[in-house]
Amino acid sequence: MTLMDCIERIPQKLEGIVKRDENSYPVEGGMGTFFQEIVIVASGSSYNAAFTAKMFLENVCGLRVTLVYPNIFVHYGAKIRKEALHLFISQGGKTKLVYEAVLLAKEAGCATYAMTAERECLIAEAADHFVDMGCGEEEYLYRTIGFSATAASVMMFGAHLAAKQGMIDEEKLTEIKEDLKKAAGNLETIKQAALSWYEDNKFSLLRRNTMLISAAGDLWPIAQESDIKAMEMVPMMTKSYELEEFIHGPQNAFHDGMLFILYSKQGEDEEKVKKIAAFLKQEVGFCAVVGAAADREDKRDLALSVKSRYFAPLEYITFMQVTAYKMANARGRDLKRGVNSVIGQYIQKTVERKKG
């Protein structure tokens, strides 16, 4: 069992999410309440997955989405809006601050939903409703199945909520489901393309220890998730930026010791990506464009062919899931072990069920 085996299970998990019926999404809030806003409390890859879903939920489903880190929600006076649906995400189901956030929201009288990998966990038991994340058991802490399944499940959760509230019709809901199937069906092709790209560029990748990643639109959260994947798996120093921000202050720190990854979606800032890439390639060092703005004559670029309209970000993230794994493997990284696992002796990040 390797982490690549987990990556290869993602299409199956996404297809499983497509096949769920509406009863898998208990989205009436218990009393048929009409929700116009979803407040999502999550951190790390779970936050990035929710951020990936945000534009879809707002632009397609007509729902307002507010993302809040658990620490902000619990300790820094985040305003609790009783009229909003509150969704708490934790793959392991025992993140301490997420658990505390659920209890705060329940005390305030909010409708609370837990999205976790298993129903039998403290966070799911504390919330009013459980939504299956759809990832099943994932053998590695460095989440690949979990990220993709969470993003898809949040999007489908919102789509079912919108359908039940009359904000989208059944035809639209069916279209969304079919679109997720298209994304799932294309992941193996993208995996193979990423593997070939890695072999062509591994010398340049492995001789550098810093990676900067940039994107716009709904690929901006994919840049953030890519940042986490490379940092925790390779490991190496990484940083992600929204595309416009990337060319302002950050460019003053660019140098040839860095890897630059630019994600590009068709019809969205393609010309800007091409110009930034031209500058980086000619004046700084190694830059790879991944997606629509790629130069097909440049082996540093990868012209991904995505199939999905709404779930395209889940196709793009496959590139970095594969690349981070290959770089980690080449550097002899044991992904079954944390680098600084001793941190648990200093900081309590999870809450455990009391014995007896």
Side-chain angles (χ1 to χ4, degrees), residues 9-29 32 34-38 40 48-65 67 85 87 89 113 115 129 131-135 145-191 215-222 225 263-270 291-292 304-319:
R9 294 210 306 270
I10 294 173
Q12 175 192 0
K13 296 300 183 181
L14 296 184
E15 288 166 2
I17 292 168
V18 172
K19 293 174 183 176
R20 291 180 185 165
D21 61 28
E22 63 179 14
N23 295 323
S24 300
Y25 302 95
V27 289
E28 287 91 359
F34 188 90
F35 295 108
Q36 291 183 309
E37 179 181 13
I38 301 178
I40 305 178
N48 293 338
F51 191 14
T52 299
K54 178 178 167 68
M55 288 183 67
F56 167 82
L57 296 179
E58 293 184 333
N59 298 335
V60 179
C61 300
L63 297 162
R64 186 165 65 253
V65 177
L67 306 178
L85 184 156
L87 177 64
I89 306 175
Y113 292 72
M115 181 176 288
H129 304 281
V131 183
D132 191 344
M133 187 175 284
C135 61
I145 303 175
F147 170 80
S148 298
T150 300
S153 291
V154 173
M155 292 168 79
M156 292 308 306
F157 176 80
H160 279 274
L161 174 62
K164 287 193 175 183
Q165 295 186 159
M167 303 166 81
I168 61 173
D169 58 25
E170 286 299 320
E171 183 178 352
K172 189 67 175 180
L173 183 59
T174 299
E175 176 197 337
I176 291 166
K177 290 179 180 179
E178 290 299 313
D179 196 56
L180 179 52
K181 286 172 65 174
K182 290 178 183 177
N186 196 38
L187 296 191
E188 175 62 24
T189 299
I190 292 182
K191 184 199 82 173
D218 60 3
L219 294 184
W220 164 219
I222 296 304
E225 177 61 12
Y263 287 116
S264 169
K265 201 172 180 183
Q266 187 172 6
E268 298 183 11
D269 284 312
E270 282 182 74
L304 290 183
S305 178
V306 298
K307 302 297 183 184
S308 168
R309 177 181 180 184
Y310 305 122
F311 297 89
L314 303 189
E315 299 179 68
Y316 277 87
I317 193 56
T318 302
F319 162 80

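Annotation for Ala292 and Lys265: closest pair CB-C, 3.7 Å, computed over non-hydrogen atoms. The two atoms that bring Ala184 and Leu14 nearest to each other are CB-CB, 3.8 Å, heavy atoms only.
Contact check for Leu85 versus Phe157: side-chain heavy atoms found under the 4.5 Å cut-off. The shortest side-chain heavy-atom distance between Val154 and Phe56 does not fall under the 4.5 Å cut-off. Side-chain contact between Lys182 and Val306: absent, with no pair of heavy atoms (C-beta onward) separated by less than 4.5 Å. A 4.5 Å side-chain heavy-atom check between Leu63 and Gln165 finds at least one atom pair inside the cut-off. The shortest side-chain heavy-atom distance between Met55 and Pro221 does not fall under the 4.5 Å cut-off. When side chains are defined from C-beta on, Glu315 counts as touching Leu187, because their heavy atoms get closer than 4.5 Å. Annotation: side chain of Phe311 is in contact with side chain of Ile176 (closest heavy-atom distance under 4.5 Å). The shortest distance between side-chain heavy atoms of Asp132 and Arg20 falls below 4.5 Å.
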Stepwise side chain to side chain contact (heavy atoms under 4.5 Å, CB included) check, Ile38 with Tyr113: CA-CA 10 Å; Ile38 301 178; Tyr113 292 72; over 6 Å; no
Worked check of side chain to side chain contact (heavy atoms under 4.5 Å, CB included) between Leu173 and Met156: CA-CA 9 Å; Leu173 183 59; Met156 292 308 306; 4.3 Å; yes
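Judged as a salt bridge (Lys or Arg N to Asp or Glu O under 4.0 Å), and not counting sequence neighbours, the contacts of Glu225 are Lys229.
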